[in-house]
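Basis for what follows: all heavy atoms, side chains included, without hydrogens, waters or symmetry-related copies. Since this is a predicted model, take the numbers as computed values, not measurements.
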Amino acid sequence: MSFIIVCTAVFSVTFLSVKYTIHHLMGISFALIGIVVLLLVDVKGGNPYGVLVGSSQKRMIGDSLVLLASLFYGISNVAAEVLSRRYGVAEYLGVHQLFAAFIIGTQMCIME
């Protein structure tokens, strides 16, 4: 969802001191407008084709989960940038892969 762009931009300005141009800000504004339109369509209870799928409450729960996932993805992108700047790309990627292998190994042991 386009909320990832908004979250990443906000966190980049906050933690990385990134400066965006007017073109970037216009793109972020269009993304926010798109999010608002999608949320309003779900609140009104329909889609462009006139077919109702699920209740309005379930759609809002789904939208909330998507926005929360986008927020966490934006946090992870900016955190990766901060860590790779602080410790270097090679060290960051090495530690990242070590933890990824541990997590995947744990999941494999649980699932198998």
Open item on the list: Distance check, rounded to the nearest 0.5 Å: Thr21 atom OG1 versus Met26 atom CE?
Closed with: 9.5 Å
Open item on the list: Using every non-hydrogen atom in the two residues, find where Cys7 and Gly74 come nearest and quote the distance to one decimal.
Closed with: CB-CA, 4.3 Å
TODO: Identify the two heavy atoms, one from Val78 and one from Thr8, that lie closest to each other, and give their separation to 0.1 Å.
DONE: CG2-O, 3.8 Å
- [ ] Write down the atom of Arg85, the atom of Leu16, and the distance for their closest heavy-atom approach.
- [x] NH1-CD2, 3.8 Å
Task: Evaluation steps, side-chain contact (heavy atoms from CB on, under 4.5 Å), between Ile110 and Gln107 - done: CA-CA 5 Å; Ile110 291 171; Gln107 288 176 342; 5.8 Å; no
Open item on the list: Can you list, by chain and residue number, the hydrophobic cluster partners of Tyr92 when the side-chain cut-off is 4.5 Å?
Closed with: Leu83, Tyr87, Val89, Leu93
TODO: Check the pair Phe30, Ser2 against side-chain contact (heavy atoms from CB on, under 4.5 Å), reporting the backbone distance first and the verdict last.
DONE: CA-CA 9 Å; Phe30 285 135; Ser2 57; over 6 Å; no
Open item on the list: For the CD1 atom of Ile28 and the NE2 atom of His23, what is their distance to the nearest 0.5 Å?
Closed with: 13.0 Å
Open item on the list: Check for me, please, whether Ile61 and Leu38 land in the same ILVMFWY cluster - side-chain distances under 4.5 Å, paths through other members count.
Closed with: no
Task: Audit row: Leu68, Ser64, side-chain contact (heavy atoms from CB on, under 4.5 Å) steps and yes/no - done: CA-CA 6 Å; Leu68 188 65; Ser64 300; over 6 Å; no
TODO: Provide the closest heavy-atom pair for Ser70 versus Phe3 in the form atom of the first, atom of the second, distance.
DONE: CB-CD2, 3.7 Å
TODO: Could you walk me through whether Phe11 and Leu71 pass side-chain contact (heavy atoms from CB on, under 4.5 Å), step by step?
DONE: CA-CA 10 Å; Phe11 293 137; Leu71 176 73; 3.7 Å; yes
TODO: Would you give the length of the straight line joining atom CD1 of Ile5 to atom OG of Ser12, rounded to the nearest 0.5 angstrom?
DONE: 12.0 Å
